[in-house]
Amino acid sequence: MNLFAHFQGVVANAVETLVGQGKLPACLDLSKLTAEPPRDATHGDVAVNAAMVLAKPAGMSPRAVADLLVPLLVSDPDTAAVTVAGPGFINIKLKDSFWPRVLQAALGQGDQFGSSKIGSNQKVNVEYVSANPTGPLHVGHCRGAVFGDALASLLKFSGYDVTKEYYMNDAGGQVNVLAESAYLRYREALGEDIGEIPAGLYPGDYLKPVGEALAKEYGKSLLGINDWLPLVRDKSISMMMDMIRDDLASLDIKQEVFFSEKSLQADGSVAKAIAKLRASGDVYEGRLPPPKGEVNEDWEDREQTLFRSTALGDDVDRALLKSDGSFTYFASDVAYSQNKIDRGFKQLIYVLGADHGGYVKRLQAVASALAGPGVVQVDAKLCQLVKLFRNGEPVRMSKRAGEFVTLRDVVDEVGPDVVRFMMLYRKNEAPLDFDFAKVTEQSKDNPVFYVQYAHARICSVLRNAEAAGLKSDAKIDFNLLTDEAEKALILRIAAFPRVIEAAALAHEPHRISFYLYDLASDFHSLWNKGKELPQLRFILQDQDNISLTRLAFLRVIRYCLANGLGLLGVKPASEM
RNA sequence: GACUCCGUAGCUCAGCUGGAUAGAGCAACGGUUUUCUAAACCGUCGGUCACAGGUUCGAAUCCUGUCGGGGUCGCCA
């Protein structure tokens, strides 16, 4: 249960009661009404902005609105006191008996604590990675991969019907280059000296197994023929996708749908989607102004088939057909968008690199044109660059052969949990520095370690508890948790569902990482307080009720940590 | 030139879709350990939220403009 959402409802009901009594005018907009944790804990437990938001539309002073609301809120069974403060905040102080119920409920929910139904089973498509199937994933793909996966988990946990998807660009010119590169490796596998890989082809060693596989499967039969390309291309793509899936598996990422661009062209979907847009007047024949910025020698002024994306907020209209009559990449995306709409998705989330920023508006324009304005929500999450460092020194990468750091290199060096946590310890719009030395350091400077250490400490106490042998008639009574440090933790725990919901609505999984850090900090504080004040320790000799209560408390904290880490895709450590 | 992201403490960053006196960590300084994991904790110091306007009860947050930094601007994918 999200207690803040609960009290927002309580306040909304109170307002409606007042409207019913004629004390407040009807048709007030309640959408801006919030209930949130006050900045300063001395103000109470829940801060409500109702009086300030409603004052103007009601034609009253905030104070007058508050005076109407306070009596109704005081009568709520959970409130101990209601005060009006500052510019018109209504601060609710909850009864002491409220918090034990929160802990009890959290304990009962266990690994579901923090989950919600705010998604109402709405169908959401999260498309991420979608790297060209021409080689292994590099470190640049890492962030989007982890981000997309965590966002999908977060949305599932929040009650959305989520599909995790990868779009395979298996139709363009890149995969023909891949095929030519693989064909060279095939000839090499048959014993031919192929020399240097020509410029423009993919030089990486990872294509050698493709050549060998082709040699094994077809012998020399592909040498004499002219139409080897489609066959080699399909085989290469298939093997590259297997490799990419392996790379993703190393981060424990498994997408449910791998959607083929080629299939859209093959089954006529692209032509159909374009025809639909032409019928609605969104596609026309026309000319484009030359591109700004760098001069492009290939630019040619000609009449072409264009999507009227400027009508929907884009900078220029977008071409759908190349001069040779084949579809552009964007044309496939029109059909792909239609396909997603047809599958019933109400939200299309694209996790993209920052270099795709210019693509966002046309994706939104296409969805709007195909489904109607506002019918499907398109949210593009742009992940900024990851800069790699080794002991403070930037890791140099060049695009020449062998000098790029692969996703696998990073995962193999620091482990999947560290990669996942660190990639989510920044909001996606912020650039991220990733230092191999720092992220594996075992100290509080390293947030991954800090959070894991809290979890391990809890597990350690729970192990010790088994040896302590508590009496079987001991009872859990969360009213026994009265210390300031304990209360701080209880408040933090109570905020967990709200953090998850807010992160899900904002599509910002990084909020969970920061929450977990704060939670770990509260826990470490309590732990150390127990060093000075032995009565605050978790297991007390001959005080089985309080010991059992504190152990249950620890289990609730552990659920928060484990559930939060689980959403990030990080495995909690039970010892370190 | 256009679009887009960013600009918050000496450094790295949060800031809960507009709330009350702007928060953490690092660095600096001081303290805590016969103890359930000190791999930790507590305290002090540190701010013109880039700048200028606007919107309103109220702005780091929204709008406009300026400055500074990153990214993008193809019939590529």
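Throughout, protein chains are lettered first and strands after them, A, B, ... in sequence-line order, and every chain is numbered starting at 1. All values below come from the heavy atoms of this structure, side chains included, with hydrogens, waters and symmetry mates left out. The structure presented is a predicted model; accordingly, all values stated were derived computationally and were not measured.
Following rounding to the nearest Å, Tyr359(A) (OH) and A77(B) (C1') show an atom-to-atom distance of 9 Å. Nucleotide G74(B) holds its P atom 17 Å from the CG atom of Asp333(A), rounded to whole Å. As a whole-Å value, the separation of Arg537(A) CZ from U33(B) P is 12 Å. In this entry the distance linking CG of Asp29(A) with P of G18(B) reads 13 Å, nearest Å. Between the P atom of U17(B) and the CG atom of Leu33(A) lies a distance of 13 Å, rounded to the nearest Å. Computed from coordinates, the Glu36(A) CD to G19(B) C1' distance equals 7 Å when rounded to whole Å. Put simply, NZ on Lys381(A) is 11 Å from P on C5(B), counting in whole angstrom units. Distance CZ (Arg39(A)) to P (G58(B)): 18 Å, rounded to an integer number of Å.
In terms of heavy-atom proximity, Gly358(A) sits nearest to Arg318(A) at O-NH2, 4.4 Å. A pairwise comparison of heavy atoms in Leu385(A) and Arg143(A) identifies O-NH1, 3.7 Å as the closest pair. Between Ala573(A) and Met576(A), the shortest heavy-atom contact is CB-CG, 4.3 Å. In plain terms, the two heavy atoms of Tyr167(A) and Ser130(A) that are nearest each other are N-OG, 3.0 Å. A pairwise comparison of heavy atoms in Asp522(A) and Ala488(A) identifies OD2-O, 4.1 Å as the closest pair.
Side-chain N/O atoms of Lys531(A) include one lying less than 4.0 angstrom from OP1 or OP2 on A38(B). Remark: Ser525(A) is in phosphate contact with C42(B), judged by side-chain N or O atoms under 4.0 Å from OP1 or OP2. Here Lys427(A) reaches the OP1 or OP2 of A14(B): one of its side-chain N or O atoms lies under 4.0 Å away. For Tyr450(A), no side-chain nitrogen or oxygen approaches OP1 or OP2 of A38(B) to under 4.0 Å. Contact annotation: Trp527(A) side-chain N/O to U35(B) OP1/OP2 distance is not under 4.0 Å. Close to U37(B), at under 4.0 Å from its OP1 or OP2, lies a side-chain N or O of Asn464(A). Dashed line: the shortest gap from a side-chain N or O of Arg457(A) to OP1 or OP2 of A38(B) is under 4.0 Å. A sub-4.0 Å separation between OP1 or OP2 of G15(B) and a side-chain N or O of His510(A) is present.
Counting only heavy atoms from C-beta on, Ala47(A) has its side chain closest to A20(B) among A14(B), A20(B), C16(B). For Arg511(A), the side-chain atoms get nearest to G15(B) when compared with the rest of G15(B), C75(B), C41(B). Among G19(B), C13(B), C41(B), the nucleotide with an atom closest to any side-chain atom of Phe514(A) is C13(B). Residue Thr328(A) places its side chain closer to C76(B) than to any other of U37(B), C76(B), U35(B). Closest contact between the side chain of Asp315(A) and the listed nucleotides C41(B), U35(B), C3(B) involves C3(B). With A77(B), G70(B), G19(B) as the candidates, the nucleotide lying closest to the side chain of Asn169(A) is A77(B). Closest to the Glu508(A) side chain, of the nucleotides A14(B), C6(B), G15(B), is G15(B). Checked against C13(B), A77(B), U35(B), the side chain of Arg362(A) finds its nearest nucleotide in A77(B). Here the side chain of Asn132(A) is nearest to one of A77(B), U37(B), A40(B), namely A77(B). Looking at the side chain of Tyr517(A), the nearest of the listed nucleotides U17(B), G25(B), C16(B) is G25(B).
Across all strands shown, C3(B) forms a Watson-Crick or G-U wobble pair, both distances under 3.5 Å, with G71(B). With a 3.5 Å ceiling on both atom-pair distances, the Watson-Crick or G-U wobble partner of C11(B) is G25(B). Pair assignment for G30(B) gives C42(B), based on Watson-Crick or G-U wobble hydrogen-bonding distances that are each under 3.5 Å.
Comparing the P positions of U21(B) and C49(B) gives a spacing of 14 Å, expressed to the nearest Å. Of the C1' atoms belonging to U48(B) and G7(B), the separation is 15 Å, rounded to the nearest Å. Distance noted for atom C1' between G19(B) and A59(B): 10 Å (whole Å). The same atom, C1', is picked in G69(B) and in G31(B); the two are 42 Å apart, to the nearest Å. Comparing the P positions of A28(B) and G65(B) gives a spacing of 44 Å, expressed to the nearest Å. When the C1' atom is compared between U66(B) and G58(B), the two are found 26 Å apart, to the nearest whole Å. Atom P of A27(B) sits at a distance of 13 Å from the matching atom of C41(B), rounded to the whole Å. A distance of about 15 Å separates the P atoms of G15(B) and A24(B), rounded to the whole Å.
Residue-to-nucleotide contacts include a donor-acceptor pair under 3.5 Å from the side chain of Arg498(A) to the base of C16(B). Residue-to-nucleotide contacts include no donor-acceptor pair under 3.5 Å from the side chain of Asp355(A) to the base of A77(B). The base of C75(B) sits with one of its N or O atoms less than 3.5 Å from a complementary donor or acceptor on the side chain of Ser323(A).
Within 4.0 Å of Arg302(A), counting heavy atoms only, lies at least one base atom of the nucleic acid. Counting non-hydrogen atoms under 4.0 angstrom, Ala465(A) reaches nothing in the nucleic acid.
Considering only heavy atoms from C-beta on, Leu306(A) stays 4.5 Å or farther from Leu320(A) through its side chain.
The structure places NZ of Lys361(A) at 11.5 Å from OG1 of Thr310(A), a figure rounded to the nearest 0.5 Å.
Judged purely by distance below 3.5 Å, without hydrogens or angles, the side chains of Gln304(A) and Tyr284(A) never pair a donor atom with an acceptor atom.
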